[in-house]
Chemist: 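Got a structure for you, written out below as structure tokens; questions coming shortly.
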Amino acid sequence: MRAAVGSVRARLRDLVAANDPGLLRLAAGLRTVGAIALTLAVLGLLGTDVRHLVAGAIAAMVSTFAIREKQRSQQAVTLALGLPVALASLTLAAVLNSRVGGDVVFVALIFCAVYARRFGDRGTALGLIGFQVYFLSLFVGATVSALPQLYGVVAVAFASSALVRFALVPETPAGILARLREAFRARLAQLVTAQLELLDAGPEEIDGALAHVRDGTARLHETAMMIQGRLEDGTDDEAMARLVQRRIADAEIAAERLGLLLLTARSAERADTLTLHLPGAPVPEGGLLPVREESTTTLRRDLEALRMLVLRPVSADTGAGLAQVRNRLLGYRDEENLPKASPAVQDVFRGVGEAARAVLGLRIALGGARDESDDSPSTARSREELDAEDAAIDAGEEAAEAPASGWQRPTTRAAVQVAVGSSLAIVGGEFLSAQRWYWAVLTCWIVFINTASTGEILVKGYRRLLGTVLGVVAGLLLAGLVGHHTWTAFGLVLLCVFAMFYSAPLSYTLMSFFVTAALGVLYTLLHTYSLSVLVLRVEETALGAACGIIAAAFVLPVHTDRRTNDLLGTVLDRLAEVTEAAIDQLSGGPPDDLLDRARDLDQALADLRAATQPLTHPVTPLRTRRNTARYVVALLETCAYHARSLAAMAELLPTHPSIAADPRLRRAGQRILDNIAAIAARAADERAAAQVETGASIAALLESELPGVSRYGRITDRVLRHLQRLDEAVVGLARPLKVPVAAPRR
């Protein structure tokens with residue numbers, strides 16, 4: 001019974017870890033709710049009235065979610081600086097009770113708060129605290145006579161936030177990194193489960209199974225990116241950080257390749273990598289797995305064994321049964337151990353062997369126990385390769401890019417835009433309501449957070465308005481339920497706040513819904529609740545979103561096309577850097593920092609994916625443009641996958657016995673690099689005289705360099721396949737981006 005309960009608990013833990021990597025959303029929600037609850041408890045014991053309880057709750061929320069630094073010492077400094085900033089903002093709001101003077105100062109404060117983002121996380125946090133506390137004072141109607149009590153309320157809120165952050169719900173970079181690694185393990189297991197589903201899916205189920213594999217692949221990549229962003233702060237040993245980064249990349253590439261091989265085995269011809277990256281892409285032609293039942297049963301057993309290896313705790317790496325399973329899977333890396341099956345299915349077994357090797361390397365890097373007593377020759381060889389790779393890992397330096405200056409600086413542009421938009425919102429908001437005009441200003445402020453183009457602001461404004469409308473309905477229901485029961489109402493507010501923070505990274509509409517629902521309850525506590533107030537909230541929200549969009553469109557505008565073109569150029573530059581460095585190393589050149597280059601490519605692609613959301617949003621009327629944007633991003637993800645794979649294989653050169661440098665690759669890869677440069681030139685300037693060249697396959701180019709010299713033994717087929725697929729994907733980018741394609745040279 002105890003074992004069954006433990007198994008259920010472990011599965012539940014893995015499920016939560018996979019759906020909330022690093023438990024970051026859960027921790028943020030608990031930390032914010034804990035700070036609010038502690039503040040309310042202290043103020044309640046002191047006999048504070050409801051209005052000041054509301055002020056304390058808002059101050060506690062702001063002082064908690066505004067802090068974004070990763071190191072605890074930096075968080076403490078920012079929180080300490082935030083208190084005087086909050087008190088100064090509170091004083092300004094209470095003293096400047098003249099309408100014109102207060103509005104001018106409010107706009108100036110908004111400009112400074114946004115401009116402060118140029119100073120990093122601390123500047124962002126202090127600006128956010130200053131703005132939100134000014135808004136708090138407007139919400140509760142702060143006066144000069146009430147300032148002493150409000151100072152005490154804000155001080156209690158900041159102290160409660162500090163206590164919860166550093167004692168009750170502590171968060172350390174090392175702890176977050178450890179939880180992210182567990183999340184990666186859980187998501188890797190989920191992806192293997194989806195691949196099992198793809199193996200067994202019938203004709204009517206294959207579309208859904210393929211969609212699950214796509215989702216699992218994307219979520220695994222998302223977690224890998226999160227880990228890479230936390231490695232520097234979460235690991236004291238730089239060599240260990242790079243080792244973990246390498247093993248995470250190996251596991252991600254091996255898992256993605258395994259999915260592609262499974263898809264190929266289920267189709268009549270080799271599957272295109274794009275199928276795994278483009279939602280809605282058609283399934284390659286072919287029926288069920290074209291192999292004998294015996295091979296299918298063996299493959300299913302081995303995929304389940306691989307999932308078991310992934311899910312097994314890192315500390316539990318001993319036992320004869322585990323060693324037997326590991327030896328069997330790693331044995332598929334040797335040709336003589338492959339079962340009798342079609343070539344495509346044998347490739348899947350090879351993929352299982354490589355995935356098992358990646359899992360073994362990840363477990364060793366994370367400190368797993370090393371029981372080598374029952375190792376087979378294949379397992380021993382895999383360990384030796386991993387040890388040699390670990391010893392060869394060295395840290396490298398990244399070159400910093402020159403930041404933009406003047407009006408081109410994003411923070412300067414955003415500060416001017418928000419100031420203009422807020423001025424419009426103040427004027428328009430006062431026409432709607434002389435008491436609650438600030439809701440329009442708040443919406444205008446919020447739609448500019450984490451956005452960089454007019455299209456992004458338009459989508460965010462639409463989502464906030466939709467969430468607000470739905471939240472008004474929920475607010476009506478909740479207000480009717482709680483009536484004027486103070487602590488019941490605050491309990492509902494805490495639930496809404498937790499849901500708001502837990503859902504924020506998933507859906508901005510959901511977050512806005514919970515915010516508005518909570519406000520409906522707070523209005524009830526302040527005895528200002530009515531249907532007209534909630535309707536006014538919707539009107540002010542729509543006005544604020546419209547003012548933000550107008551400011552973004554006419555004041556120093558950054559159009560979506562311009563931003564996506566700039567980011568596309570960045571992605572192509574990073575792709576060229578990774579590809580060139582990998583090809584140079586595979587051709588016999590000196591070692592390079594390929595891991596960091598690949599990470600920069602992934603980050604640039606993530607930025608482009610976010611920037612294209614206005615183009616790919618379901619409500620966009622430009623269907624052709626939406627499909628083109630999705631297709632281009634999917635092609636770039638395919639290119640990034642092959643470039644990452646080439647980089648990973650290039651780093652194996654010093655240690656892997658079956659991979660050797662081949663100087664012929666330089667010529668074969670030059671066409672790919674020239675084509676990437678041509679596409680980048682056309683993306684930057686449509687009038688550029690650049691075109692993409694096609695020609696013989698990569699393998700044919702290699703043979704033409706040294707006729708009669710076999711490539712086998714000097715460079716593996718896998719390198720050739722990645723180069724060929726990368727070449728095809730880069731050429732495929734030409735059509736949607738309207739880059740001319742030259743006729744093949746003869």
Side-chain angles (χ1 to χ4, degrees), residues 3 5-31 70 72 169-195 215-237 240-256 258 304-319 322 325-326 355-370 386 501-502 505-506 599 602:
V5 172
S7 176
V8 172
R9 187 179 302 164
R11 286 198 297 270
L12 180 61
R13 183 174 61 248
D14 288 338
L15 180 63
V16 173
N19 287 281
D20 182 12
L23 303 182
L24 298 180
R25 303 201 313 269
L26 178 64
L30 290 177
R31 195 176 300 113
K70 297 173 183 176
R72 289 163 63 87
V169 189
E171 179 180 82
T172 63
I176 292 176
L177 182 59
R179 295 198 300 270
L180 282 173
R181 293 197 300 252
E182 286 299 303
F184 183 85
R185 182 179 62 84
R187 285 196 163 178
L188 180 56
Q190 283 187 345
L191 178 55
V192 176
T193 301
Q195 291 168 349
D215 292 342
T217 303
R219 296 175 75 184
L220 185 69
H221 181 65
E222 173 196 10
T223 310
M225 289 288 293
M226 294 174 72
I227 291 174
Q228 291 175 1
R230 296 276 180 172
L231 276 172
E232 183 177 349
D233 293 301
T235 309
D236 295 331
D237 187 348
M240 177 57 68
R242 289 186 58 76
L243 174 60
V244 172
Q245 181 185 0
R246 173 55 193 269
R247 295 301 168 225
I248 290 290
D250 285 347
E252 180 190 359
I253 291 170
E256 191 166 3
L258 180 58
E304 291 174 348
L306 178 63
R307 180 175 59 184
M308 184 271 291
L309 283 182
V310 173
L311 287 173
R312 192 174 182 87
V314 173
S315 58
D317 209 8
T318 59
L322 178 66
V325 170
R326 184 174 58 225
R357 178 190 184 275
V359 171
L360 175 63
L362 184 60
R363 296 175 75 86
I364 293 174
L366 299 181
R370 295 186 61 130
L386 292 168
F501 280 91
Y502 195 80
L506 302 178
R599 182 178 64 179
D602 287 338

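All values reported here derive from a predicted model rather than from experimental measurement. Numbers for residues simply follow the sequence, beginning at 1.
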Chemist: Sort out for me which residue in R187, R247, H221 forms a side-chain hydrogen bond (donor to acceptor under 3.5 Å, both in side chains) with E252.
Modeler: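 Of the listed options, the one satisfying the test is H221.
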Chemist: To the nearest 0.5 Å, how far apart are CD in E182 and CG in L177?
Modeler: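 Answer rounded to 0.5 Å: 11.0 Å.
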Chemist: Quick check against the 3.5 Å criterion: does R72 have a side-chain atom that pairs as donor or acceptor with the backbone of P170?
Modeler: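 Pair absent, no side-chain N/O of R72 close to backbone of P170.
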Chemist: Taking the side chain from E171 and the backbone from A28, do they hold a donor-acceptor pair closer than 3.5 Å?
Modeler: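 Not a single qualifying donor-acceptor pair exists.
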Chemist: Do I176 and K70 have side chains that get closer than 4.5 Å, going by heavy atoms?
Modeler: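 With C-beta onward as the side chain, the pair stays apart.
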Chemist: Would you call D250 and L362 a side-chain contact if the rule is heavy atoms closer than 4.5 Å?
Modeler: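 No, side chains not in contact.
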Chemist: Report yes if some heavy atom in the side chain of R363 is under 4.5 Å from a heavy atom in the side chain of R312; otherwise report no.
Modeler: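 Heavy-atom side-chain distance check passes, below 4.5 Å.
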Chemist: Closest approach of A224 and F184, non-hydrogen atoms and distance?
Modeler: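 Result for this residue pair: CB-CE1, 4.0 Å.
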Chemist: Considering all heavy atoms of both residues, which atom of A305 and which atom of V325 are nearest to each other, and what is their separation?
Modeler: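 That closest heavy-atom pairing would be CB-CG1, 3.6 Å.
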Chemist: Tell me the closest heavy-atom pair linking R31 and V169, and the distance in Å.
Modeler: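 Distance-wise, the nearest heavy atoms are NE-O, 3.5 Å.
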Chemist: Determine whether a donor-acceptor pair (N or O, by modelled atom type, separation under 3.5 Å) exists between the side chain of R25 and the backbone of F501.
Modeler: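 Side chain of R25 to backbone of F501: no pair is present.
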Chemist: Would R181 and V244 count as a side chain to side chain contact (heavy atoms under 4.5 Å, CB included) if you check the C-alpha gap in whole Å, the side-chain angles of each, and the deciding distance to 0.1 Å?
Modeler: CA-CA 9 Å; R181 293 197 300 252; V244 172; 4.2 Å; yes
Chemist: Enter the distance from L180:CG to R185:CZ here, rounded to the nearest 0.5 Å.
Modeler: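 Separation between the atoms: 13.0 Å.
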Chemist: Does a side-chain N-to-carboxylate-O contact under 4.0 Å join R219 and E222?
Modeler: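 Salt bridge between R219 and E222, a charged N being under 4.0 Å from a carboxylate O: no.
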Chemist: Are D602 and R599 within salt-bridge range, i.e. N to O under 4.0 Å?
Modeler: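 Looking at D602 and R599, the cut-off is not met.
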